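Here is the structure we will look at, set down as structure tokens.
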Amino acid sequence: MSQSKDVTLADVLNAIQHVGAKVDSMEKRLTERIEKLEEGQQTIIQAVNELKDDLAAQKKELTQTSKATAYLSRDVLILKNEQ
């Protein structure tokens, strides 16, 4: 026959401490992951803002180029008509 071990208060306390340590470890890992995600999110936001700025600058340049092209086209027509 096998003998059963009586669970003592110390055994219960040890089990609770073990579970508590695991919970603390999981909480630490989750906190680290959340921080990494937040850092990644900030990086993405910064990249999107930089792309918006680049797009705005390119749009402005395109508008200026279009205006310059229109003026050149007009000048070419004027020169053709003068001939």
Side-chain angles (χ1 to χ4, degrees):
M1 239 198 240
S2 66
Q3 296 179 351
S4 65
K5 180 181 175 190
D6 291 334
V7 177
T8 64
L9 191 54
D11 294 333
V12 172
L13 181 59
N14 284 339
I16 290 171
Q17 289 173 339
H18 181 72
V19 169
K22 283 191 172 204
V23 168
D24 289 344
S25 175
M26 290 173 65
E27 182 179 17
K28 182 180 176 187
R29 286 195 317 259
L30 284 173
T31 299
E32 289 170 354
R33 287 178 182 169
I34 288 169
E35 288 171 354
K36 285 181 182 179
L37 286 172
E38 288 172 346
E39 288 172 9
Q41 182 181 25
Q42 288 304 315
T43 301
I44 290 169
I45 289 170
Q46 182 179 359
V48 167
N49 287 336
E50 288 174 8
L51 287 172
K52 284 181 180 178
D53 291 345
D54 289 348
L55 182 59
Q58 289 175 358
K59 186 176 180 180
K60 182 178 179 182
E61 186 176 338
L62 178 60
T63 299
Q64 291 171 343
T65 303
S66 294
K67 285 180 183 178
T69 302
Y71 289 133
L72 287 173
S73 296
R74 183 198 65 195
D75 291 346
V76 167
L77 286 175
I78 290 170
L79 288 172
K80 276 186 174 180
N81 290 334
E82 288 178 356
Q83 290 180 353

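Bear in mind that the values here come from a model prediction, so they are computed numbers and not experimental data.
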Among [options], whose side-chain contact (heavy atoms from CB on, under 4.5 Å) with [X] holds?
| X | options | value |
| --- | --- | --- |
| Lys52 | Asp54, Leu55, Asn49 | Asn49 |
| Asp24 | Glu27, Lys22, Lys28 | Glu27 |
| Gln41 | Ile45, Ile44, Thr43, Leu37 | Ile45 |

Legend entry - Atom pair CD1 (Ile16) and NE2 (His18), whose distance is rounded to the nearest 0.5 Å: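 Result: 12.5 Å between the selected atoms.
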Inset, instruction - Nearest 0.5 Å please: distance from the CZ atom of Arg74 over to the CG atom of Leu79. - result: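 If I round to the nearest 0.5 Å, the distance is 10.5 Å.
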Legend entry - Enclosure of Gln17 CD (heavy-atom neighbours >12, cutoff 6.0 Å):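 Above 12, so yes.
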Legend entry - More than 12 heavy atoms of other groups within 6.0 Å of Ile78 CD1: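 More than 12 heavy atoms, drawn from other residues, nucleotides or ligands, come within 6.0 Å of this atom.
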Inset, instruction - Over all heavy atoms of both residues, which pair between Asp11 and Asp6 is shortest? Give the atoms and the distance, please. - result: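 Closest pair (atom of Asp11, atom of Asp6, distance): OD2-O, 3.8 Å.
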Legend entry - Any donor-acceptor pair under 3.5 Å from Ser25 side chain to Ala21 backbone: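 No: the side chain of Ser25 does not pair with the backbone of Ala21.
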